[in-house]
Amino acid sequence: DRQVVISDVRAKPEEPAVGFIGAGSFAQKHLLPSVASRATLVGVATARGTSAKHIADKYGFAFAATDGNDVATDPRINTVFIATRHDLHAEFVIRCLQEGKNVFVEKPLCMTSGELEEIGRLYGESKSRLMVGFNRRFAPMVAALRSALPGDLPRAINYRISANKLPDNHWTLDPEIGGGRIIGEVCHFVDLAGHLAGAPPTWVSATAVRADRSRIDTAVISLKFANESVATISYFANGSKKVPKEYLEVFCGGVTAILDDFKKLTVITDGKTNITKGKQDKGHKSEVESFLASVRDGTEAPIPFQEIYMSTLATFGILESIESLES
C-alpha cells in the first residue's frame, strides 16, 4: 500500500505538526533526533515502504508512505522537512508552498535558476516559512567568531575546504540527480561567507581544475559582497583525506579570526590572542531548534529568504563562470 497508518495523531497545540519527505541516514542522524523532541511527528514518506514504516515505528510518526505528496497535502501537517535526493527538492518545496506548509529543505534549495525563480514567486505570495539547511551559520564557534569582529567594516574571508574525492558513479555527481558538488555542497560555503560578510554577494568569479559540469570538485571561487567584503573559497577534492575538512580565516579592522574545522577558534588582535576549543559542532541541532521555534512562536524563519535566494543565485554563478572560462 502507498500509505500505512501507524497510530492516531495526538498533536499538542503548542507543537509544530511535522512531516518528512525523505529520511535517509543524514536525516536520521542530524534532523530527526532534534525534531522528534520538539514537534508532533505526523507522516514520513520514503521511496521504499519498508524503510518508511521502520522509520515511522522508530520515531513515532502516525503514518508511513511511499509518495511524498501524501505528506505535502496532509491537512494535519503544517511543517514539512524535505531530505530527498537533490533533484526532488524544488518539486516538493513548490508543492509544500502551494499547500501553505512551512518548509525546511536540506541544501540545495533547487538545481536551476528557473526553479529558484518559481520558488521565490510562490514564497512571496505565501505566509509560509522557508528554510534551507545551511547549518554552518548556526555553529556556536561561528557565532563567537562574528561577535569578535568589529561591526560595519568590510571583511576579507579565506575559506579552504578539503573535500574527499567521490567515486565517479556517486549520485551527487550525476547532473540530473545530484547536480554536482558545486550546487550540492559549495552552496554551504557561499552561504557562510555571506553570513560572515554581513551582506549579499554581488559578484562571483571561479575557475576549476576540470571543466565538466558534473565532475567539478576542485575549484577556486572569488566573491564580492554589497558592503565591499570579499571572500575566496578554495574547494579542493584532490588532496589527502587526513587533512581536516575546513579551515576559515576572517580579517577585519585589525582582528584576525581563525576557525579550524569547527573544533578550535583563535581570535588574534594586536595585544591579545584568545583560543577556544571544543567538540566539533557544525550547527545542525541549533538550526533545527531555531526553525521549529519560529514555527511555534509565529516569527520569521531564522534565515531571511533573500539571503537564501542570493546564496543560491551566486552558486549558479560559480558554474556559469567556470563554464565561460572553459568555453
Between [Y] and [X], is there a salt bridge with N-O shorter than 4.0 Å?
| X | Y | value |
| --- | --- | --- |
| R121 | E117 | no |
| D74 | R76 | yes |
| K107 | E287 | no |
| R136 | D191 | no |

Rounded to the nearest 0.5 Å, what separation is found between the [atom1] atom of [X] and the [atom2] atom of [Y]?
| X | Y | atom1 | atom2 | answer |
| --- | --- | --- | --- | --- |
| F92 | L97 | CZ | CG | 13.5 Å |
| E249 | L145 | CD | CG | 11.0 Å |
| L223 | S229 | CG | OG | 11.0 Å |
| C96 | N78 | SG | CG | 11.5 Å |
| H89 | E106 | NE2 | CD | 7.0 Å |
| D87 | E176 | CG | CD | 8.5 Å |

In terms of ring plane angle, is the pair [X] and [Y] parallel, tilted or perpendicular, where the classes change at 30° and 60°?
| X | Y | result |
| --- | --- | --- |
| F305 | Y309 | tilted |
| W171 | H86 | perpendicular |
| H30 | H284 | parallel |

Taking the side chain from [X] and the backbone from [Y], do they hold a donor-acceptor pair closer than 3.5 Å?
| X | Y | value |
| --- | --- | --- |
| R48 | T66 | no |
| R38 | L292 | no |
| N135 | G283 | no |
| R181 | T172 | no |
| D261 | K263 | no |
| E307 | H195 | no |
| T218 | A237 | yes |

Quick one: ring pair (Phe, Tyr, Trp, His ring centres under 6.0 Å) partners of W203, sequence neighbours excluded?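 With sequence neighbours excluded, W203 shows a ring pair (Phe, Tyr, Trp, His ring centres under 6.0 Å) to no residue whatsoever.
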Could you work out, with ring pair (Phe, Tyr, Trp, His ring centres under 6.0 Å) as the rule, every residue matching Y159, not counting sequence neighbours?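 With neighbours one apart ignored, the set is F189.
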L248, V230: one ILVMFWY side-chain cluster at the under-4.5 Å cut-off?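 Looking at the clustering, V230 is in a separate group from L248.
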Contact between Y247 and N158 at the side-chain level, heavy atoms closer than 4.5 Å - yes or no?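 SC-SC contact between Y247 and N158 ruled out.
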Evaluate the side-chain proximity of F134 to H188: yes if any heavy-atom separation is below 4.5 Å, no if none is.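 Touching, per the 4.5 Å side-chain cut-off.
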Show me the donor-acceptor pairs within less than 3.5 Å that the side chains of residues 17-29 make with the rest of the protein, sequence neighbours left out.
{"residue": "Q28", "atom": "NE2", "partner": "A23", "partner atom": "O", "Å": "3.0"}

Between T73, I77, I94, which is the residue that forms a side chain to side chain contact (heavy atoms under 4.5 Å, CB included) with E99?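 Among the candidates, only T73 passes.
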